[in-house]
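Okay, so here's the structure we're looking at.
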Amino acid sequence: MNISEKLIAKLSEAKKVCVLTGAGVSAESGVPTFRGGGSAAVWKGMPFDEISSAKMVRENLSEVWEWFDYRRGVLAKCAPNPAHVILAEWETRFVEFTLVTQNIDGLHRRAGSKNPIEVHGSINRSRCVECSRTVLMDAGTIPHEPDKCMDCGGNLRPDVVLFGEMLPAGAFEKASEKAENCDLFFVIGTSALVYPAAMLPEIAKSRGAFLVEINPEETPLTRFCDESLSGKAGEILPGLNEILKGHA
Ligand code: BV8
Ligand code: ZN
């Protein structure tokens with residue numbers, strides 16, 4: 001892995017580090033990605049941004065639960081990989097460290113990350129469509145469609161941000177404030193196609209952060225980056241961590 005002297009210097013002197021992750025950081029855990037042709041991309045012939053949409057929750061909540069139930073079943077067999085573990089360790093390696101994730105798979109938390117900003121919610125939580133009360137669900141799969149809300153009897157839906165829906169209140173604001181004030185921003189395992197999350201690396205760069213991409217493929221962000229490390233997160237992050245430890 002060839003890393004520039006500039007990134008090595010940035011790594012050792014950075015005080016405020018911000019990371020944005022996407023589905024690629026969970027790929028080596030066996031979680032299918034969305035646009036890399038992974039099986040998460042299509043459900044019963046529907047492209048995932050059709051099944052994972054506010055419209056489907058309104059029109060066919062049972063189908064949405066079947067799709068999420070299937071994914072929870074896949075996730076129950078997946079474990080965090082070295083990328084998740086190192087990002088959890090980095091929480092205490094810098095003066096300030098912020099992890100923003102687009103993933104709903106919960107693997108950052110399972111790897112030990114204390115407070116990831118989950119801008120698209122979590123597959124392990126359901127939410128009442130009437131009163132918004134949330135209910136944590138166990139790691140295994142759930143009966144096809146969970147019971148009604150215990151407070152008001154309303155329908156429960158996955159507590160994730162579907163296409164056409166607003167992000168959790170304050171999540172994007174907090175993430176962009178961290179992006180604006182960091183020295184070093186990593187964008188790891190995302191095709192950078194989904195907004196507003198894809199704006200965060202651009203915000204960081206516009207405010208002077210050193211922008212590093214970790215991805216085996218090029219993305220629309222690659223040309224904005226100060227450094228683009230082409231490869232798998234689960235292989236590149238351990239290499240970066242060795243450098244960081246060498247400068248401890
Ligand atoms: C919003 C949860 C304001 C659900 C997801 C019309 C109406 C409304 C909004 C829009 C509209 N048209 C466009 C929009 C905006 C829309 C959007 O951006 N659409 C895109 C597709 C054009 N955004 C929204 O709707 C957002 N809300 O804008 O609200 C609003 C509200 C109302 C009206 C107007 C405006 C909400 C977006 C959130 C959608 N929910 N997920 C679920 O998961 O089922 S998004 C979904 O995509 C996933 O959560 C995922 O996290 C996200 C991004 O995908 P990636 O993580 O990047 O994954 P991908 O497979 O694409 O890429 C993987 C990458 O990893 C690849 O680059 C690959 O090379 C790399 N990789 C592979 N292996 C590895 C690796 N990298 C490293 N290591 C490896 N080993
Ligand atoms: Zn309720």
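Residue indices begin at 1 and follow the sequence shown. From a predicted model like this one, the values you see are computed outputs, not experimental measurements. Whatever order the structure lists them in is the order used to number ligands and atoms, beginning at 1.
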Distance filter under 4.0 Å to E28 heavy atoms, resulting ligand 1 atoms: 78 (N), 79 (C), 80 (N)
Close approach of V194 to ligand 1, heavy atoms, under 4.0 angstrom: yes
Would one find an N or O of Q102, backbone or side chain, under 3.5 Å from an N or O of ligand 1? yes
Using a strict cut-off of 4.0 Å, indicate which atoms of ligand 1 neighbour a heavy atom of A23. 55 (P), 56 (O), 58 (O)
Could you tell me whether K174 and E177 make a salt bridge, using a distance below 4.0 angstrom between a side-chain N and a carboxylate O? no
Between E218 and R223, does at least one N-O distance fall below 4.0 Å, as a salt bridge requires? no
Judging by distance only, is a nitrogen or oxygen of A233 under 3.5 angstrom from one on ligand 1? yes
Give every donor-acceptor pair under 3.5 Å between a side-chain atom in residues 202-210 and any protein atom, sequence neighbours left out.
residue, atom, partner, partner atom, Å
K205, NZ, D226, OD1, 2.8
K205, NZ, D226, OD2, 3.1
S206, OG, E202, O, 3.3
S206, OG, I203, O, 2.6

Between D151 and R133, does any NZ, NE, NH1 or NH2 come within less than 4.0 Å of an OD or OE carboxylate oxygen? yes
Hey, what's the ring geometry for F94 with W90, parallel, tilted or perpendicular (30° and 60° as the breaks)? perpendicular
Rounded to the nearest 0.5 Å, how far does CD of E28 lie from SG of C78? 12.5 Å
Check K55 with E59, please: is the shortest side-chain N to carboxylate O separation under 4.0 Å? yes
For atom 63 (C) of ligand 1, which candidate among A192, G22, G189 holds the nearest heavy atom? G189
So does K44 pair up with E66, basic N to acidic O under 4.0 Å? yes
In ligand 1, which numbered atoms sit nearer than 4.0 Å to a non-hydrogen atom of E217? 69 (O)
Please work out whether any backbone atom (N, CA, C, O) or any side-chain heavy atom from C-beta onward of E165 is under 4.0 Å from ligand 1, and answer side chain, backbone, both or neither. backbone
What's the verdict on salt bridge (charged side-chain N to carboxylate O under 4.0 Å, His left out) for R109 and E118, showing C-alpha distance, side-chain angles and the deciding distance? CA-CA 10 Å; R109 286 184 188 279; E118 295 168 322; 3.0 Å; yes
Just to be sure I'm reading this right: ignoring hydrogens, which of V161, L193, T33 gets closest to atom 41 (N) of ligand 1? Compare them by their nearest heavy atoms. V161
Provide the number and element of each atom of ligand 1 under 4.0 Å from a heavy atom of S52. 4 (C), 42 (C), 44 (O)
Pair N81-S29, side-chain donor/acceptor within less than 3.5 Å: yes
Going by the ring-ring contact (aromatic ring centres under 6.0 Å, His included) test, which pairs reach into residues 156-180, not counting sequence neighbours? F48-F163
Anything under 3.5 Å between a donor and an acceptor, one on a side chain of residues 189-197, the other on a protein residue two or more places apart or in another chain? List them.
residue, atom, partner, partner atom, Å
T190, OG1, Q102, NE2, 2.8
T190, OG1, A192, N, 3.2

Going by the 4.0 angstrom heavy-atom rule, the piece of I104 near ligand 1 is side chain
Among S122, P220, A27, G164, closest by heavy atom to atom 73 (N) of ligand 1 is A27
Quick test of your reading of the structure: of M166, R71, H120, whose heavy atom lies closest to atom 30 (C) of ligand 1? M166
If you leave out waters, which protein N, O or S atoms are less than 2.8 Å from the Zn ion (ligand 2)? C128 SG, C131 SG, C149 SG, C152 SG
Any idea which atoms of ligand 1 are less than 4.0 Å away from a heavy-atom of F68? 44 (O)
Can you list the atoms of ligand 1 that are under 4.0 Å from a heavy atom of P216? 71 (N), 74 (C), 75 (C), 76 (N), 77 (C)
Verify the distance criterion only: is there a donor paired with an acceptor across the side chains of H84 and S26 at less than 3.5 Å? yes
